[in-house]
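Written below as structure tokens is the structure these notes are about.
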2 protein chains.
Amino acid sequence: MESGDELRFDHGDRTPERLRGQLSRLVGMTAVQTRRAAGDALRAVGAHKDDFVVLAALAEFGPASQAALSDRTRIYKSDLVAVLNALARGGWIRRAPDPADGRRNVITITDDGERRLAELDRVLDDVNEHIMAPLGRDERAQLFALLRRVNDHLAGAPERA
Amino acid sequence: MESGDELRFDHGDRTPERLRGQLSRLVGMTAVQTRRAAGDALRAVGAHKDDFVVLAALAEFGPASQAALSDRTRIYKSDLVAVLNALARGGWIRRAPDPADGRRNVITITDDGERRLAELDRVLDDVNEHIMAPLGRDERAQLFALLRRVNDHLAGAPERA
DNA sequence: CCGCTTGTGTTAGGGACACTAACGATGTAT
DNA sequence: ATACATCGTTAGTGTCCCTAACACAAGCGG
């Protein structure tokens, strides 16, 4: 089955020394791997990464305008259009004009959408389990914490607790 | 200067709970951040990420064919062409046909190339320092180790020591 | 020597993702 | 009323990662 060996960070004596110090490279290659793992699993059930993100936001915060959704999911409002089209086609959301504001649409998750979300949640749980398989409970928490500190810092965090 | 706040993994109460458990999302967003940090710094000196990678491989392993370079840098041979063109234009490498094998080119780093590599190395050292600024010495090592284990695992590692 | 297969460099292109620009329609403020 | 801001939408940019096809050269089996 010889897999994505291309994305292995370290190939031992074949890997230039200087590259091993580049966190950017390591995290970049790992990102592609994890993205692919999640993407493949979701594609197997006919879903896309953003489907899960949008459904999760709707389930947790209730009906929302597309602008609000974009804000909560970091999906650009321009890209959101296609995602919502697909979700509506599947019957997982309803998109109706906001009677209170003619500019907005109100996006609502349907019962089928809740079920879909549960399904995708299961799929992604498996993916996460697979990704972090080699790590123990505390190590997973450590990895999350370390990455989040780097992420916060690069996002321009003024050292918030 | 309000920066790339879009790429912050956690926006507190505005972030759906389910998304916080997705390592794929966290590592993906952080990858974009670090890639951008490195890319910006390199662009400021007229360089590209792959320039550094290729020069490093040449400096550490000596002259090589493009196929060998592709193997060592995980840059696809198709993409390598443009990188080498740019490096040759800058006078940082020489590209000559291999007298022993009419199919191959022999890529050699020049003295200017060595200097260029040293420059890019300095630039990237600063970037890495900036990226990992919030982490202590041991934490940086931990982050590297954890990510490498995930990376190795996803690359299809058969539990190699 | 002659095909056959393999390796090499090159060109072209696809697909995913993050991101920007512009625009018509609609609200809001002055 | 006039100016400005917001919303959904369409279109397009740039960057990675990756595949396909091809001409050419090398090696190998007959």
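In what follows, chains are A, B, ... by sequence order, proteins preceding strands, each numbered from 1. Computed from a predicted structure; not experimentally measured.
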Do any N or O atoms from the side chain of [X] and from the backbone of [Y] form a donor-acceptor pair under 3.5 angstrom?
X      : Y      : value
B:E139 : B:G136 : yes
A:D79  : A:I75  : no
A:T30  : A:L26  : yes

Output the rounded distance in Å from [atom1] ([X]) to [atom2] ([N]).
X      : N      : atom1 : atom2 : result
A:R25  : D:dC16 : CZ    : P     : 13 Å
A:D79  : C:dA21 : CG    : P     : 15 Å
B:L80  : C:dT8  : CG    : P     : 13 Å
A:D101 : D:dT6  : CG    : P     : 12 Å
A:D50  : C:dG15 : CG    : C1'   : 15 Å
A:Q33  : C:dC17 : CD    : P     : 16 Å
A:R104 : D:dA5  : CZ    : C1'   : 12 Å
B:R103 : D:dA25 : CZ    : P     : 11 Å

* Asked: More 5' along DNA chain D: B:D98 or A:A64, using each one's nearest nucleotide?
  ->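 Of the two residues, A:A64 wins.
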* A:R35 or A:L84, whichever maps to the more 5' nucleotide of DNA chain D ->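 Nearest-nucleotide comparison on DNA chain D picks A:L84.
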Please determine if a side-chain N or O atom of [X] lies less than 4.0 Å away from the OP1 or OP2 oxygen of [N].
X      : N      : answer
A:Y76  : C:dC19 : yes
A:R95  : D:dT9  : yes
B:R74  : D:dC17 : yes
B:Q66  : C:dT10 : yes
A:H48  : C:dA16 : no
B:R36  : C:dC19 : yes
B:N105 : C:dT10 : yes

* **Residue B:K49, side-chain atoms from C-beta onward, closest of C:dT10, D:dC17, C:dC19** =>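 The answer is D:dC17, which lies nearest to the side chain.
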* When you get a sec, tell me which of C:dG9, D:dG8, C:dA18 is the closest nucleotide to the side chain of B:A67? =>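 In terms of side-chain proximity for B:A67, the closest of C:dG9, D:dG8, C:dA18 is C:dG9.
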* Cation-pi, B:F61 ring and B:R72 (6.0 angstrom, 45 degrees) ->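 Verdict for B:F61: a cation-pi partner in B:R72.
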* Asked: Just checking B:R43: base, sugar-phosphate only, or nothing, at a heavy-atom cut-off of under 4.0 Å?
  ->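 The answer is nothing, as B:R43 stays clear of every strand by at least 4.0 Å.
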* To do: For B:S65, report the nucleic acid contact type (base, sugar-phosphate, nothing); a contact means any heavy atom under 4.0 Å.
  =>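 B:S65: backbone/sugar contact only, no base atoms under 4.0 Å.
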* Hey, are A:R104 and A:D101 close enough for a salt bridge, meaning a charged N less than 4.0 Å from a carboxylate O? ->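 Yes, A:R104 and A:D101 are salt-bridged.
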* Asked: Is B:V123 reachable from B:V54 through a run of hydrophobic residues whose side-chain heavy atoms are each under 4.5 Å from the next?
  ->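 Cluster IDs for B:V54 and B:V123 match.
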